[in-house]
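Worksheet for the structure shown next.
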Amino acid sequence: MHVSVWREVAGSNLGRAGLLLIGAMVLLAIFAPILTPYAPRENTSTPAFSRPSEDHWLGTNDARQDIWTQLLYGARTSLSVAFGVALLSGFISVLIGGTAAIFGGLYDRFWMRVVDATVAIPDVIVIILVAAYLRPNVFFMILLLSALSWPGGARVIRAQTLTLKERMHVSASRTFGAGPSHILLHHIIPDLGPVLVATMIQDARRAVFMEAGLSFLGISDPSMMSWGKMMQYARVFTYLEVWKWWLLPTGIALSITLIGLSFIGFALESALDPRLREREKGHDGGI
Amino acid sequence: MAGADLSMEDLYKRSLESPMGGLKNQRVTAIAGALLRRASFFTNYAIAFALILVLNFTLPRLMPGDPFQAIYGEEALLAMTPQLKAQLVERLALDQSMGQQFVAYILALAGGDLGHSYYYNQPVLAVILDFLPWTLLLTGSALVLSTLLGLFLGVESGYRRGRRLDKALLAGLMFLNGFPDFFMGIVLLLVFGVVLGLIPLSGALTPYSGLSGLPLALDILHHLLAPLAALVLVRVTSAYLLTRNTMITTLKENFILAAKAKGCSEGQIKYRHAGRNSLLPVVTATGLSIPQMVTGALFVEIVFSYPGVGSLLYNSLLTRDYPLIQGILLMVTVVVLVGNLLVDLLYSRLDPRVSHAR
């Protein structure tokens, strides 16, 4: 199945909306230092809990820190965790799933048993348990989340590779004496593209969610700027009016990121599902 | 070429055996295969469970410093008498080798001893059992409600594919699904609790109200409403999308045409002919979503201070009551794995193909 990831996503309304939302978030995260004069932990001279003003677009929190600035730097954390997990977990998925499908035999069985057992584990629980002891920072968070999210991807990649390796051009290349690594790198991985991107987007979405969740529970590195942590702090002050510019915008930023990723993912998945693919115009199953 | 090592197959993908093999042989292999698969699937759960046990055992012991301190946390040590400490060291076999410690740990677990919570000053198991019913109530009702609602909306939406209602539902539910459940909870709490004052801000029932019977049930329902709504709004999408997809493919089948020709009413076609086909994938998906539902409930409970395991977990994380944290996560794992197992069994009962085919 030759599916152009870009064309499928950009060709559907849902996909375009998702790209727009994520693109905006990425820009905010990258240009954070330009978009705000403050540092995320800087205690400004404005009184605590002040309302939104020209100097502080979203007011200040209980420690006189600028909320807009924290929001921008929170986006950096969220997106770097998402990006890191997507890359690392995608890489492991291809490595394990791809090689398992190509070599087969005992090697394949071993890895599939590992995958089956890991998928049966409720991963959020393991992550909370490990995080409760180790209070992960961004780097460790990426490792931890990837360690639990690769098996799902590996299963999908393996299935896809199994069908790909029976294609004519792969047989042809094998007859010319190509070894497993050549076949994997030159014939399988390029065609895995869309499926791989779909699993990576799913991983990224889960990573954003988990990072926020762990920070919301207060079990991530305390020095890490994070939306989840902002919400944990802000939640205590719901009896004041500050939730309107502290709690709500933070939650909305988090939701926009998640919604953007799931829109892109959905557009891709419906492009990959042959049953939903059948359509007159635009493939997003009706929208 | 592929197929060289495969046995021959007939038109319907049934393997062609020698005529002498006969039906009996085939059935024996089918049953053996089913048993094998059943066994392998129990092994998966067993491995998953063992992994959690090993993690629970190793994590505190990997921490730098005194393992006793890591197991019980610094704050607990301050409140502990030397006798209690000596007793706990003996119970955990901390003065012995790692192997013996692990045996002691497993034996204690087998006896239902999950450790001692210093914050509640009670055995961990007793604390958790106090909080568990509320979580089961919340998770169970959210699972049932989101599945039923998803089925209903999916059937209606799939039947009207491409029309306005379908488009609105699809976009709306996809959008809701993007919300993290704890933020959905926060929004509901802010709108209906803080601004409108329609729902209670915390708890699962009004304390000291002395209610009983129907008023008590209504009071519990009143407190349950918002957390339940938060979970269902976010989680209904998976059942909905699955049902919708199945509807779309099923509606193209010939038997639907036959049903229409026969003069079946729209409702009969929607639910009795087409909708039934979604039941199976949706039940499976519901089973697979148990872990997410449980963890979602943990977060939502925290937002609403609902006195379930989630709030307990949050509290134990704040007070660093490590034995309690471990105990909760172990209990949740057991609940999740048992739930998954039940669904797997139910699934093979619902679909005879699963237990025989493959």
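Quick note on labels: first sequence line is chain A, next is B, and so on, each numbered from 1. When reading the values below, keep in mind they use all heavy atoms of this one structure, side chains included, and skip hydrogens, waters and symmetry mates.
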Would you give the length of the straight line joining atom [atom1] of [X] to atom [atom2] of [Y], rounded to the nearest 0.5 angstrom?
{"X": "L59(B)", "Y": "L134(A)", "atom1": "CG", "atom2": "CG", "result": "6.0 Å"}
{"X": "L330(B)", "Y": "I125(A)", "atom1": "CG", "atom2": "CD1", "result": "9.5 Å"}
{"X": "T295(B)", "Y": "D123(A)", "atom1": "OG1", "atom2": "CG", "result": "8.0 Å"}
{"X": "F183(B)", "Y": "W227(A)", "atom1": "CZ", "atom2": "CH2", "result": "11.5 Å"}
{"X": "D181(B)", "Y": "F209(A)", "atom1": "CG", "atom2": "CZ", "result": "4.5 Å"}
{"X": "I186(B)", "Y": "F216(A)", "atom1": "CD1", "atom2": "CZ", "result": "4.5 Å"}

Does any heavy atom of chain B fall under 4.5 Å from the side chain of [X], the backbone, both, or neither of them?
{"X": "I256(A)", "result": "neither"}
{"X": "V130(A)", "result": "both"}
{"X": "R174(A)", "result": "neither"}
{"X": "A212(A)", "result": "both"}

Which atoms of [X] approach chain A - backbone, side chain, both or neither, heavy atom under 4.5 Å:
{"X": "V234(B)", "result": "neither"}
{"X": "L176(B)", "result": "neither"}
{"X": "V294(B)", "result": "neither"}
{"X": "V336(B)", "result": "side chain"}
{"X": "L313(B)", "result": "side chain"}

[atom1] ([X]) with more than 12 external heavy atoms under 6.0 Å:
{"X": "F192(B)", "atom1": "CZ", "result": "no"}
{"X": "Y233(A)", "atom1": "OH", "result": "no"}
{"X": "L196(B)", "atom1": "CG", "result": "yes"}

**Beyond-backbone contact of I302(B) with R235(A), side-chain heavy atoms, under 4.5 angstrom** = yes
**Validation row: Y314(B), Q232(A) side chains within 4.5 angstrom (heavy atoms)** =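 The answer is yes; the side chains approach within 4.5 Å.
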**Item:** CA sep, side-chain torsions, deciding dist, call: I325(B), Y133(A), side chain to side chain contact (heavy atoms under 4.5 Å, CB included)
**Value:** CA-CA 10 Å; I325(B) 300 175; Y133(A) 281 98; 5.9 Å; no
**Request:** Determine the option with the most heavy-atom pairs under 4.5 angstrom with chain A, choosing from I47(B), I52(B), L190(B), L337(B).
**Result:**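 Heavy-atom pair counts peak at L190(B).
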**Between L189(B), L298(B), V303(B), V187(B), the one whose heavy-atom pairs under 4.5 Å with chain A are most numerous** =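 Option with the greatest count: V303(B).
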**Prompt:** Which of these, I328(B), N56(B), T333(B), sits in a side chain to side chain contact (heavy atoms under 4.5 Å, CB included) with L129(A)?
**Reply:**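 It is N56(B), the one option of I328(B), N56(B), T333(B) that forms the side chain to side chain contact (heavy atoms under 4.5 Å, CB included) with L129(A).
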**Asked** Who wins among A17(A), G213(A), G218(A) for the most heavy-atom pairs under 4.5 Å with chain B?
**Response**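 Most heavy-atom pairs within the cutoff with chain B belong to G213(A).
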**Prompt:** Yes or no on side chain to side chain contact (heavy atoms under 4.5 Å, CB included) for L254(A) and F179(B), after CA distance, side-chain angles and deciding distance?
**Reply:** CA-CA 8 Å; L254(A) 174 62; F179(B) 281 88; over 6 Å; no
